[in-house]
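Just so it is clear: chains get the letters A, B, ... in the order the sequence lines come, proteins before strands, and each one is counted from 1. Given the structure is predicted, the values throughout are model-derived calculations rather than measurements.
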Number of protein chains: 2
Amino acid sequence: MNVSLDAGKLSGGRLYQRVAEQLASVISEGEYPPGSRLPAERKLAERFEVSRPTIREAIIALELAGVVEVRGGSGVYICDGESDRLASTNLDVGPFDILEARILFEGEAASLAAQKITDEEMAEVRQALDDMVTENEGEPICEKADEHFHMLIARATKNDAIVSVCSHLWALRNSSPVSARILEKVRQAGSKPRIEEHHAILEALEARDAKAARAAMREHLTRVIQQLLDATEAEAVEEARRAIMHNRQRFNLINP
Amino acid sequence: MNVSLDAGKLSGGRLYQRVAEQLASVISEGEYPPGSRLPAERKLAERFEVSRPTIREAIIALELAGVVEVRGGSGVYICDGESDRLASTNLDVGPFDILEARILFEGEAASLAAQKITDEEMAEVRQALDDMVTENEGEPICEKADEHFHMLIARATKNDAIVSVCSHLWALRNSSPVSARILEKVRQAGSKPRIEEHHAILEALEARDAKAARAAMREHLTRVIQQLLDATEAEAVEEARRAIMHNRQRFNLINP
DNA sequence: ACAGCTAATTGGTCAGACCGCAATAACATT
DNA sequence: AATGTTATTGCGGTCTGACCAATTAGCTGT
């Protein structure tokens, strides 16, 4: 069982977060099996050498994460059977994994979108692409337009689950520390707007060509991966190199 | 903008949750635009007629939900640019949307898994399938084994983003009220264990046949959709019927 | 043996206080 | 006058101690 919160920021400043992590640790180590009751808040406060409000905040964090259940007047109980959900919620996912998943998923999403997109939505997508070009002065604006572009395509599928998954993937990208670091590197290296690739996607959508849309989307994201590989190869960070070797092979697998 | 927490439980007993909802409401109504600062905790406590610890707990809930950011010594700020994430987090996604997304995504995931799965992981998958058969007495156990089966395949891709997305989709399914209702209907109608279909997936994985794995997974999920369609057609609920018509067409689109 | 009641335990909330940090305004320096 | 430094002010972060409400278990009386 892997019960950890906010894997990114370890001991992230806030006391209640550290306590929540410690608490999650002792839970995952089996000290309190699923279904059992946690000690009283006062006892926990004494044990972790913090005050009761802090313990309460930590418990609330665990509660919102679905690790424990608070029964008023009775106690705090460990939830059972959600190890899968937990293991994935807090994962610090690397940028290569995210892009590979996007190739698979957004490729299919684009294919579906090409069949269902309306003229109004086409106009919105075109507008997003324009924003990406014109507002290229400030990079963050460009990135925002990029995200908007992809989310519009997801929305064009008329499938809320696909929208949810796409935004989940973008959230993973935006929240991952390691992703942020590598993306910063790419930014410094002067990232091309990749307008042409986006334009190819747009044209495929405009033609309502499902296969072409999937191909264009995969081509686009594949090039982003390539760009990332180049950027990370430039620096000699050891862990990044490991990621490269690990993912280069993966990249070759799914490319053809 | 749609800023609401835990769509399931409205005003769930706890005071801090109600306060968090109220706070989220005034935020979504635009009283505090993204990037701006929230009033001081003491002021908020006065306004909502609760104490400061309660306001703090509510803010922590919003913080964990990604709605606000707490900058120590400065104040609480509304996060910007996550309207997409928020809009999707709270979406009540219908079961058809989820299954369609799973066809697209888990199909690809199975294809990738077939190329990367290890013998140990194969054994785990086989074990999960056995659990699904043997523990068929209690239905929930069977469902748990089903989820485990699919998650194991996701994990076999060695891609954390794919694992995260799959568990996200299962979480959507498990948390959606409308999904729960329809799934209950299916359960009552005496759902077949679908062991044969799972077995076909297993065999494709065993053969390391990527295409066959994708096809088997799609076939399996397509049959689940068919089962859902039959079950929902049996009842005359008006909204369900609309969903049927809406998705039947979609189903036909992606099936071939 | 059982029913009802009491009391201890637990979470829920509150009030007030102190601390350290951050932003800003006032000041001193150049 | 422009700039760098410092003091003030407000903020969140945390702690203490207390009281309330709900649940539970134990006791008592029948």
Side-chain angles (χ1 to χ4, degrees), chain A residues 5-6 8-24 26-27 31-79, chain B residues 5-6 9-24 26-27 31-80:
Chain A
L5 298 181
D6 295 326
K9 36 185 170 180
L10 295 175
S11 56
R14 252 89 100 62
L15 184 54
Y16 85 86
Q17 293 181 346
R18 272 176 303 185
V19 174
E21 286 179 17
Q22 293 179 34
L23 209 55
V26 302
I27 291 175
E31 184 165 337
Y32 305 104
S36 70
R37 216 201 63 196
L38 233 53
E41 289 182 351
R42 293 163 176 87
K43 298 290 177 60
L44 288 173
E46 183 185 354
R47 168 170 172 181
F48 291 104
E49 297 178 332
V50 294
S51 69
R52 198 150 85 93
T54 303
I55 284 289
R56 279 184 57 79
E57 293 175 345
I59 288 177
I60 284 174
L62 293 177
E63 183 190 12
L64 292 176
V67 180
V68 299
E69 176 193 1
V70 180
R71 263 175 263 175
S74 172
V76 181
Y77 297 83
I78 284 90
C79 293
Chain B
L5 298 181
D6 294 327
K9 38 183 170 181
L10 296 176
S11 57
R14 253 92 97 71
L15 183 54
Y16 85 87
Q17 292 181 346
R18 272 175 304 188
V19 174
E21 286 181 17
Q22 293 179 35
L23 243 177
V26 302
I27 291 175
E31 186 165 336
Y32 304 104
S36 70
R37 216 201 62 197
L38 233 53
E41 289 182 351
R42 293 162 177 88
K43 299 290 177 61
L44 288 173
E46 183 186 354
R47 168 170 173 180
F48 291 104
E49 296 178 331
V50 293
S51 71
R52 198 148 91 91
T54 303
I55 283 289
R56 279 184 58 78
E57 294 175 345
I59 288 176
I60 285 174
L62 293 176
E63 182 191 12
L64 292 175
V67 180
V68 299
E69 176 193 2
V70 179
R71 262 174 263 176
S74 171
V76 181
Y77 297 81
I78 284 88
C79 291
D80 49 16

Could you go over nucleotides 14-23 of chain C and give all protein N or O partners under 3.5 Å, atom names and distances?
from	atom 1	to	atom 2	distance (Å)
C/dC14	OP2	B/Ser51	N	3.0
C/dC14	OP2	B/Ser51	OG	3.1
C/dC14	OP2	B/Thr54	OG1	2.7
C/dA17	N6	B/Arg52	NH2	3.2

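Distance, A/Gln17 CD to D/dG12 P: 16 Å, rounded to whole Å. Atom CD1 of B/Ile59 is separated from atom C1' of D/dT14 by 15 Å (rounded to the nearest Å). Rounded to an integer number of Å, the gap from CD1 of A/Ile60 to C1' of C/dG11 is 11 Å. Rounded to an integer number of Å, the gap from CD of B/Glu57 to C1' of D/dG12 is 15 Å. In this structure, A/Glu46 atom CD and D/dG17 atom P are separated by 13 Å, rounded to whole Å. Rounded to whole angstrom, the span from the OH atom of A/Tyr16 across to the P atom of D/dG13 amounts to 9 Å. Counting to the nearest Å, the C1' atom of D/dC11 and the CD1 atom of B/Ile55 are 15 Å from each other. Per the geometry, CD belonging to A/Glu41 stands 16 Å off P belonging to D/dT14, to the nearest Å.
Using a 4.5 Å heavy-atom cutoff, the side chains of A/Leu23 and A/Ile59 are in contact. Annotation: side chain of B/Ile60 is not in contact with side chain of B/Tyr16 (no heavy-atom distance under 4.5 Å).
Remark: B/Arg47 engages B/Val26, B/Glu31, B/Tyr32 in a side chain to side chain contact (heavy atoms under 4.5 Å, CB included) (not counting sequence neighbours).
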Task: Chi angles and distances behind the side-chain contact (heavy atoms from CB on, under 4.5 Å) call for A/Val19, A/Leu44 - done: CA-CA 10 Å; A/Val19 174; A/Leu44 288 173; over 6 Å; no
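Taking all atoms of both residues into account, the shortest heavy-atom contact from B/Ala61 to B/Ala20 is CB-CB, 4.3 Å.
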Only distances under 3.5 Å count here; give the side-chain donor-acceptor pairs of residues 64-77 of chain A to other protein atoms, sequence neighbours excluded, each with its distance to 0.1 Å.
from	atom 1	to	atom 2	distance (Å)
A/Ser74	OG	A/Tyr77	OH	2.5

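Phosphate contact (OP1/OP2 of D/dG13, side-chain N/O of B/Arg56, threshold under 4.0 Å): present.
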